[in-house]
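Below is one structure, written out as structure tokens; comments come after it.
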Amino acid sequence: MPDTNIWSVLTFDKFAHFFVFAVLVFLLVIGFTKQHTYIWLKFNAIKSALAISIGYSLLLETGQSLVPDRTFDLVDMLANTIGCFLGSLLFYFVYKFNFPN
């Protein structure tokens, strides 16, 4: 087994990716549930926010490979995706448990 240090993977950069995408999804879901123009979007807010933010993450990471001296980073993509799911989970816990119907 190779000797790996967990702190070489869990850097501040990865935490920033994780945090920014968690906030993005959380705010997208809130916005989608509060709007009244698109009923489908209102009732599928979490799925839509996840699809949009994960797609955006993939687009950003793929776009980086087109810039000189930048590469597609799979670990950044993973941090973004985990942040997306955490943001949706955070929404669920904040709004579903604090505001019962």
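In this chain, residues are counted from 1 in sequence order.
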message: Counting C-beta onward and ignoring hydrogens, is there a side-chain heavy-atom pair between Lys14 and Ile82 closer than 4.5 Å?
response: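 The answer is no, as the side chains (C-beta and beyond) never meet within the 4.5 Å cut-off.
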Quick check on the hydrophobic clustering: are [X] and [Y] connected, directly or via other members, by side-chain heavy-atom contacts under 4.5 Å?
| X | Y | value |
| --- | --- | --- |
| Val23 | Phe26 | yes |
| Leu74 | Leu58 | yes |
| Phe43 | Phe32 | no |
| Leu27 | Val20 | no |
| Ile54 | Ile52 | no |

Which atom pair, heavy atoms only, marks the closest approach of [X] to [Y]?
| X | Y | value |
| --- | --- | --- |
| Leu86 | Ala22 | CD2-CB, 4.3 Å |
| Ser57 | Phe21 | CB-CE2, 3.7 Å |
| Leu50 | Cys84 | CD2-O, 3.5 Å |
| Glu61 | Asp76 | OE2-CB, 3.4 Å |
| Ala79 | His17 | CB-CB, 4.0 Å |
| Lys42 | Gln35 | N-NE2, 3.4 Å |

- prompt: For the residue pair Phe19 and Phe15, does the interplanar ring angle fall in the parallel (under 30°), tilted (30 to 60°) or perpendicular (over 60°) class?
  reply: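 Judged by the thresholds at 30° and 60°, the geometry between Phe19 and Phe15 is parallel.
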- prompt: Is the side chain of Ser65 donor-acceptor paired with the backbone N or O of Thr62 at a distance under 3.5 Å, no angle test?
  reply: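 Checking the backbone N and O of Thr62 against the side chain of Ser65, a donor-acceptor pair under 3.5 Å is found.
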field: Distance, nearest 0.5 Å, that separates CD of Gln64 from CG of Leu59
entry: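 So the CD of Gln64 and the CG of Leu59 are separated by 10.5 Å.
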message: To the closest 0.5 Å, what do you measure between CD1 (Ile46) and OG (Ser48)?
response: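 The OG atom of Ser48 is 10.0 Å from CD1 of Ile46, to the nearest 0.5 Å.
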field: Where at least one partner belongs to residues 55-91, residue pairs that pass ring pair (Phe, Tyr, Trp, His ring centres under 6.0 Å), sequence neighbours excluded
entry: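 Pairs touching residues 55-91 that pass the test: Phe91-Tyr95.
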